[in-house]
Amino acid sequence: MTTTAHHHDSWIRAFNPIPDAAIRLVCFPHAGGTASFWAPLTRLLPPGIELLAVQYPGRQDRYNEPCIDDIGTLADRTAEALRGRHPGERLALFGHSMGSVVAFETARRLERQAGPSVAHLFVSGRRAPSLVRAEYTHLRDDDGLIAELSALGGTASGLLADPEMRALVLPPVRSDYRAIETYRCEPGAQVGCPVTALTGDADPRVSVAEARLWEGHTTGAFDYQVFTGGHFYLEDHRPAIARRVGDTLRRFR
């Protein structure tokens, strides 16, 4: 039987632990992504902010665990892990692409129950959750999935030419796409914390106007910032993103 401590450790990664951090930034990966995607941001954040990253099951060191293809369940499990690991502490959440929606739903759960307080939500590379679009990438064959990944620039197509690499990467990608493409936001769903939306000006999946509609999903303050680049614009702008996070969370440091 899995112990509570092990459950928390399996879901949350800390690349540079700061036990006395003033605030912790919990980062949520994109579809097919892993916690290690966020590791480079760790050394760029200002003092006093500890970066934590969520590791979804079915990949890397959780490869032998079944994938979860439902956003609500991912949010439930992440919220549970954060309550157990950081009760009563202050958190900010940062999601990219699918991770933005998981972060949003996690924030909603944390706000409903006693536990860590959510000071801010950063959403990146994702349209507002109230915007429903018929998408069926998860039903494509493997070549179709690879074409989608190549179009977004998220995974080197050369790596996916290797059959062993395909066998490792594609199952969690398909599961994550099923989760996000079948997700439907509860009508009127909002968080109470402030929200910052970040997006690339050439993202083929998200327009600036669609990103700005996140404003309707918070009762708190809202702002947004547009960067040059496509869906994975943040890989080219990590220092600027770290500064934006630091400036936004300055009052907590």
Side-chain angles (χ1 to χ4, degrees), residues 5-19 21-63 65 67-68 71 73-87 89-107 109-110 115-116 118-126 154-155 168-169 172-173 175-176 179-180 193 196 198 231-235 237-246 248-249 252:
H6 177 74
H7 170 76
H8 302 155
D9 290 343
S10 67
W11 279 85
I12 308 297
R13 301 286 178 274
F15 301 108
N16 182 32
I18 306 175
I23 189 167
R24 290 177 167 83
L25 180 71
V26 185
C27 297
F28 295 72
H30 52 281
T34 64
S36 59
F37 174 81
W38 297 100
L41 193 61
T42 301
R43 65 180 182 273
L44 299 174
L45 291 171
I49 302 176
E50 180 188 35
L51 187 146
L52 305 174
V54 178
Q55 184 78 303
Y56 309 135
R59 65 213 72 199
Q60 288 189 334
D61 55 339
R62 302 190 70 186
Y63 173 73
E65 299 178 50
C67 296
I68 295 175
I71 295 295
T73 305
L74 285 170
D76 287 341
R77 302 283 175 80
T78 305
E80 179 187 352
L82 291 172
R83 286 191 200 100
R85 182 182 174 117
H86 298 290
E89 297 188 16
R90 183 182 292 118
L91 306 176
L93 309 186
F94 190 134
H96 179 66
S97 196
M98 180 191 83
S100 294
V101 177
V102 183
F104 171 68
E105 291 293 348
T106 300
R109 286 153 173 76
L110 291 175
V118 181
H120 204 94
L121 172 63
F122 297 89
V123 292
S124 166
R126 181 69 190 177
T155 303
L168 287 172
V169 171
V173 169
S175 177
D176 289 353
I180 192 60
C193 65
T196 297
L198 309 173
H231 191 63
F232 284 94
Y233 73 91
L234 69 177
E235 293 185 319
H237 296 283
R238 286 193 179 101
I241 291 168
R243 285 193 298 272
R244 179 60 189 257
V245 169
T248 301
L249 302 181
F252 301 114

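For reference, positions follow the sequence shown, starting with 1.
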* To do: Give the C-alpha distance, both sets of side-chain angles, the deciding distance and a yes or no for side chain to side chain contact (heavy atoms under 4.5 Å, CB included) between Val26 and Arg85.
  => CA-CA 12 Å; Val26 185; Arg85 182 182 174 117; over 6 Å; no
* Structure fact -> CD1 of Ile23 to CG of Leu249, rounded to nearest 0.5 Å, is 4.5 Å
* Structure fact -> Shortest non-hydrogen pair, Trp38 vs Thr34, comes out as CD1-O, 4.2 Å
* To do: Run through Ile12, Leu93, Thr106, Val102 and flag the one making a side-chain contact (heavy atoms from CB on, under 4.5 Å) with Val54.
  => Ile12
* Asked: Between Gly125 and His231, what is the shortest heavy-atom contact and its length?
  -> O-CE1, 3.1 Å
* Check whether any side-chain N or O of Arg238 sits under 3.5 Å from a backbone N or O of Pro40 as a donor-acceptor pair, and report yes or no. => no
* Sequence-distant partners of Ala179, side-chain contact (heavy atoms from CB on, under 4.5 Å), two or more places apart -> Ile71
* For Arg109, enumerate each residue passing the salt bridge (Lys or Arg N to Asp or Glu O under 4.0 Å) test, keeping only those at least two apart in sequence or located in another chain. => Asp76, Glu105
* Leu82 versus Thr78: any side-chain heavy-atom pair under 4.5 Å? -> yes
* Asked: What heavy-atom pair brings Gln60 and Ala35 nearest, and what distance separates the two atoms?
  -> OE1-N, 4.5 Å
* Under the side chain to side chain contact (heavy atoms under 4.5 Å, CB included) criterion, do Val123 and Leu198 qualify, and how do the steps go? -> CA-CA 6 Å; Val123 292; Leu198 309 173; over 6 Å; no
* Structure fact -> Shortest non-hydrogen pair, Pro57 vs Trp11, comes out as CD-CH2, 3.6 Å
* From Ile241 atom CD1 to Thr196 atom OG1, the distance as rounded to the nearest 0.5 Å -> 12.0 Å
* **Nearest non-hydrogen partners of Ser124 and Leu234, listed with the distance** => OG-CD1, 4.3 Å
* Asked: Of the non-hydrogen atoms in Ala14 and Leu52, which two are nearest, and what is the gap between them?
  -> CB-CD2, 3.6 Å
* Could you list all the salt bridge (Lys or Arg N to Asp or Glu O under 4.0 Å) pairs where at least one residue sits in residues 34-56, not counting sequence neighbours? => Arg24-Glu50
* If the plane angle is over 60° it's perpendicular, under 30° parallel, otherwise tilted; pick one for His96 and Phe232. => tilted
* Asked: Is the backbone of Gly99 close enough, under 3.5 Å, to the side chain of Arg126 for a donor and an acceptor to pair up by distance?
  -> no
* Asked: side chain to side chain contact (heavy atoms under 4.5 Å, CB included) between Met98 and Phe28: does it pass, once the steps are laid out?
  -> CA-CA 8 Å; Met98 180 191 83; Phe28 295 72; over 6 Å; no
* Does Tyr56 reach the side chain of Arg77, with side-chain heavy atoms less than 4.5 Å apart? -> no
* Asked: Leu121 and Phe104: side chain to side chain contact (heavy atoms under 4.5 Å, CB included), yes or no, with the steps?
  -> CA-CA 7 Å; Leu121 172 63; Phe104 171 68; 4.0 Å; yes
* Asked: Can you tell me how far CG of Leu91 sits from SG of Cys193, rounded to the nearest 0.5 angstrom?
  -> 10.5 Å
